[in-house]
Amino acid sequence: LDGKDIKPSERIKAQQDLKLIKEKLLNNGLTDDKGSSSKEDVDVKLNEKGQVIRDYTPATRLAEHAELSELRKQGKQGKDQTENKSKALLRRQGFDPFPTEGRIYQKNEGGWDFRITESECRNKILLDVPIGRFLDTSLIDVDVQPLWVRVLAKGKLLQLLLPEEVRFSVLCK
């Protein structure tokens, strides 16, 4: 490690010392006959945030590994039941109400490549959202506000800030 060559006499001495060190460790109970650490009582401490703090020892690493394997087993059993529920929860049933205070953020949950263009006569703003050709219109809901437009398709929300205010009085004439 330090760049010096190891002499054969040093190698022989290290092999002889290895046997003595293994015997001392076995007598002290720090390792079993396979060389891995034995399970000791693990000191568990809590910090001010309530998180578990343990010393970094072989015993604590084994205890953490056992806890993780138990959590994984429990997670696999409950995973199948929660997958179906989570898919149903991901779809929105309707539009969320606008917040009364603060900023309203733009959202593109469906990941659609939409385009907002202005017509040639400059009195219309066109929003093109390629949702899909074979989609039932009952799955599409559109909400146009003076400054915002919201499209809800297949339970995914597209919420955009319009470049100019929509004037309904001009549209109705």
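In this structure, CD in Glu70 is found 10.5 Å from NE2 in His65, a value given to the nearest 0.5 Å. Atom NZ in Lys107 sits 11.5 Å away from atom CG in Leu158 (nearest 0.5 Å). Atoms NZ and CD, from Lys13 and Gln16 in turn, are 6.0 Å apart once rounded to the nearest 0.5 Å. Put simply, OG1 on Thr60 and CG on Asp55 are 7.0 Å apart, with the number rounded to the nearest 0.5 Å.
With hydrogens and angles ignored, the 3.5 Å screen pairs no side-chain donor or acceptor of Asp17 with any backbone N or O of Ile21.
Residue Leu152 forms a side-chain contact (heavy atoms from CB on, under 4.5 Å) with just one option from Ile140, Asp143, Asp141, and that option is Asp141.
With sequence neighbours excluded, the residues that form a side-chain hydrogen bond (donor to acceptor under 3.5 Å, both in side chains) with Asp136 are Ser138. Every residue two or more places apart in sequence or in another chain that forms a salt bridge (Lys or Arg N to Asp or Glu O under 4.0 Å) with Arg115 is listed here: Asp128.
Hydrophobic clustering (ILVMFWY, side-chain heavy atoms < 4.5 Å, transitive): Trp112 and Leu135 are in one cluster.
When every heavy atom of Val129 is checked against every heavy atom of Phe114, the shortest pair comes out as CG2-CB, 4.0 Å. Of all heavy-atom pairs spanning Leu147 and Leu161, the tightest one is O-CD1, 3.4 Å. Contact detail for Arg150 and Leu157: the closest heavy-atom pair is CB-CD1, 4.3 Å. Among all heavy-atom pairs drawn from Tyr105 and Gln159, the shortest one is O-NE2, 2.8 Å.
By the 6.0 Å contact criterion, CD on Gln106 is enclosed, its count of non-hydrogen atoms from other residues, nucleotides or ligands being greater than 12. Within 6.0 Å of the CG atom in Leu18, the count of heavy atoms belonging to other residues, nucleotides or ligands exceeds 12.
Residues Leu127 and Val151 form a side-chain contact, since some pair of their non-hydrogen atoms from C-beta on lies under 4.5 Å apart. Between Leu139 and Ile131, every side-chain heavy-atom pair lies at or beyond the 4.5 Å cut-off.
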Exercise. Determine, step by step, whether Leu162 and Trp148 satisfy the side-chain contact (heavy atoms from CB on, under 4.5 Å) criterion, reporting the C-alpha distance in whole Å, the side-chain angles of both residues, the deciding distance to 0.1 Å, and the verdict.
Key: CA-CA 5 Å; Leu162 295 174; Trp148 293 90; 5.9 Å; no
